[in-house]
Structure formats: structure tokens, C-alpha cells
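In what follows, every chain begins at residue 1, and chains take the letters A, B, ... in the order their sequences are listed.
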Amino acid sequence: AQTVTQSQPEMSVQEAETVTLSCTYDTSENNYYLFWYKQPPSRQMILVIRQEAYKQQNATENRFSVNFQKAAKSFSLKISDSQLGDTAMYFCAFMTPTSGTYKYIFGTGTRLKVLA
Amino acid sequence: NAGVTQTPKFQVLKTGQSMTLQCAQDMNHEYMSWYRQDPGMGLRLIHYSVGAGITDQGEVPNGYNVSRSTTEDFPLRLLSAAPSQTSVYFCASSLGDRGYYGYTFGSGTRLTVV
């Protein structure tokens with residue numbers, strides 16, 4: 001069975017600094033997708049970044065980038081130039097289209113606080 | 001373009017009552033799903049649908065029913081509410097029929113069962 005582990009329940013970072021959130025996963029599949037979602041206090045879940053496992057190049061979206069290590073089954077999120085609006089829960093998620101189903105598996109989340 | 005709309009935002013039910021959580025999307029997404037979010041447990045899949053007329057169970061389907069008569073709507077029914085169903089419920093949809101592109105989420109429904 002696939003699992004997703006976020007080992008850091010809470011983190012904090014100073015405004016304008018860089019922070020890295022960890023995520024590891026376990027799967028025997030070779031074709032899968034990885035995601036990071038942000039959930040601010042407003043509760044709305046927002047897709048931050050997406051990575052396709054068959055692509056070796058790490059995905060980037062403005063200040064957000066990932067370090068995808070397929071062999072180590074690691075998918076960390078780096079936030080550069082942290083802003084107060086980055087304060088949120090961050091969820092790592094895994095999806096594989098095995099057997100025609102499309103079930104996402106979410107980690108338990110990391111609560112990030114950006115300090116002024 | 002409203003995205004994914006969930007109603008109500010908050011609800012309090014008594015044990016044994018039934019209710020329907022509404023979810024509608026206007027993006028012509030084929031894939032829709034319901035999740036519940038509990039502290040320390042991330043999001044767990046309740047039911048999902050890959051198109052009108054097609055639904056399937058997720059990880060925690062007991063006590064919930066769904067139907068998908070149109071592409072736009074995917075309501076979640078609680079048959080007989082129990083305190084264990086106190087949670088935040090999210091509806092999500094995805095472009096295409098595989099969910100490869102990530103989800104668009106609704107703003108959630110906070111349900112309390114007393």
C-alpha cells in the first residue's frame with residue numbers, strides 16, 4: 001500500500017528566509033504524480049506545485065520549488081523569500097493511476113508559520 | 001467562473017439526523033471526489049466519481065452515499081449522522097478523467113454532530 005509521510009508537524013521561518021518542508025512516500029509503482037497543497041486559515045486548499053515521476057527535472061512555480069529524489073522516494077518543498085501569506089498548513093499528496101483508479105493519498109500536513 | 005462551490009459552510013446535526021452536503025463545479029471537470037479532514041489524519045477519501053452516472057467508494061465510505069446525475073453536481077448524503085462524522089468535508093474536482101493535473105477544492109463544510 002502507498003503511504004505519504006510528513007515528519008515535521010510544525011515549522012517556522014523568518015520573513016524573507018528560505019524553508020524546506022519534507023515529504024517521503026512509499027510505493028512500488030513507477031508511474032505516479034506528486035503534489036503540494038497549501039491550506040491557509042481560510043481553509044481553502046490550493047494546489048502549489050505538481051511533479052510527474054517520469055520527469056527528472058524538478059518542478060518550480062515562482063518562489064516554490066521541489067527537490068524530487070525518486071530513488072529515495074523523497075519530495076521536499078522549498079519556499080524561497082518567505083512571505084507572511086505563506087503561513088498555512090502544507091499537505092504532500094501522491095497519486096497513481098493504477099488499475100484505472102485515481103485515488104490521492106495525503107500526508108498529515110506541516111503547519112508553517114512565517115514570522116515578521 | 002465560480003470553481004467548486006460547497007454548501008453549507010457550517011452545519012450542526014443531532015445524532016441520527018440525515019442531511020446532504022452539496023457540491024457543484026462549473027469547470028466541466030469529469031472527476032469529482034469527497035474527502036474528510038480530521039486533525040492529525042490528513043485528508044481521507046470518502047467517495048469519488050469519474051463521470052456522470054459512475055461512482056465508487058474511497059477509503060472511508062461507511063455512513064455516506066453519493067450520486068452523480070450530472071457532470072456539475074456531486075452531493076454527499078449522510079444517512080444517519082454519528083458523532084464520529086464530525087469533521088471538515090471537502091469536495092474536489094479535477095480536469096480530465098485521471099486527476100493528473102491536481103485538484104480544485106471547494107472551501108469546505110464544517111460539520112458537527114452532537
Novice: Verify the neighbour count for atom NZ of A:Lys73: are there more than 12 heavy atoms of other residues, nucleotides or ligands below 6.0 Å?
Specialist: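 Yes, NZ of A:Lys73 has more than 12 neighbouring heavy atoms, counting only those of other groups under 6.0 Å.
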Novice: Can you confirm whether more than 12 heavy atoms, excluding those of A:Arg63, are under 6.0 Å from its CZ atom?
Specialist: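 Yes, CZ of A:Arg63 has more than 12 neighbouring heavy atoms, counting only those of other groups under 6.0 Å.
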Novice: For residues 12-21 of chain B, give me every residue with a non-hydrogen atom less than 4.5 Å from any non-hydrogen atom of chain A.
Specialist: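 Against chain A, none of the residues of residues 12-21 of chain B fall inside the cut-off of heavy atoms under 4.5 Å.
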Novice: With a 3.5 Å distance limit and no angle check, can you tell me whether A:Arg43 reaches the backbone of B:Gly108 through a side-chain donor-acceptor pair?
Specialist: yes
Novice: Going by heavy atoms in the side chains, are B:Tyr103 and A:Met95 under 4.5 Å from each other?
Specialist: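 Counting from C-beta outward, B:Tyr103 and A:Met95 never come under 4.5 Å.
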Novice: Transitively linked via ILVMFWY side-chain contacts under 4.5 Å: B:Val50 with A:Tyr104?
Specialist: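 In one cluster: yes.
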Novice: Under a 4.5 Å heavy-atom cut-off, does chain B meet the side chain of A:Glu52, its backbone, both or neither?
Specialist: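 For A:Glu52, neither part sits under 4.5 Å from chain B.
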Novice: With the 4.5 Å side-chain cut-off for hydrophobic clustering, are B:Leu76 and B:Tyr48 part of the same group?
Specialist: no
Novice: Which answer fits B:Gln37, side chain, backbone, both or neither, if we ask what part of it has an atom under 4.5 Å from a heavy atom of chain A?
Specialist: side chain
Novice: For the hydrophobic clusters of this structure (ILVMFWY residues joined by side-chain heavy atoms under 4.5 Å, transitively), does one cluster hold both A:Phe64 and A:Phe94?
Specialist: yes
Novice: In Å, rounded to the nearest 0.5 Å, how long is the span from CD1 of A:Ile105 to CG of B:Leu45?
Specialist: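 Spacing of CD1 (A:Ile105) from CG (B:Leu45) equals 10.0 Å.
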Novice: Please flag which part of A:Tyr37 lies under 4.5 Å from any non-hydrogen atom of chain B: side chain, backbone, both or neither.
Specialist: side chain
Novice: Check the hydrophobic clustering (I, L, V, M, F, W, Y; side-chain heavy atoms under 4.5 Å; chains of links allowed) and say if A:Phe68 and A:Tyr90 are grouped together.
Specialist: yes
Novice: Given that the side chain runs from C-beta out, which part of B:Val4 has a heavy atom under 4.5 Å from chain A: side chain, backbone, both or neither?
Specialist: neither
Novice: Answer whether the closest heavy-atom distance between the side chains of B:Tyr35 and A:Met45 falls below 4.5 Å.
Specialist: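 They are not in side-chain contact.
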Novice: Heavy-atom distances under 4.5 Å only: say whether B:Arg110 touches chain A with side chain, backbone, both or neither.
Specialist: both
Novice: Do you reckon B:Val88 sits in the same ILVMFWY cluster as B:Trp34, going by side-chain contacts under 4.5 Å, direct or chained?
Specialist: no
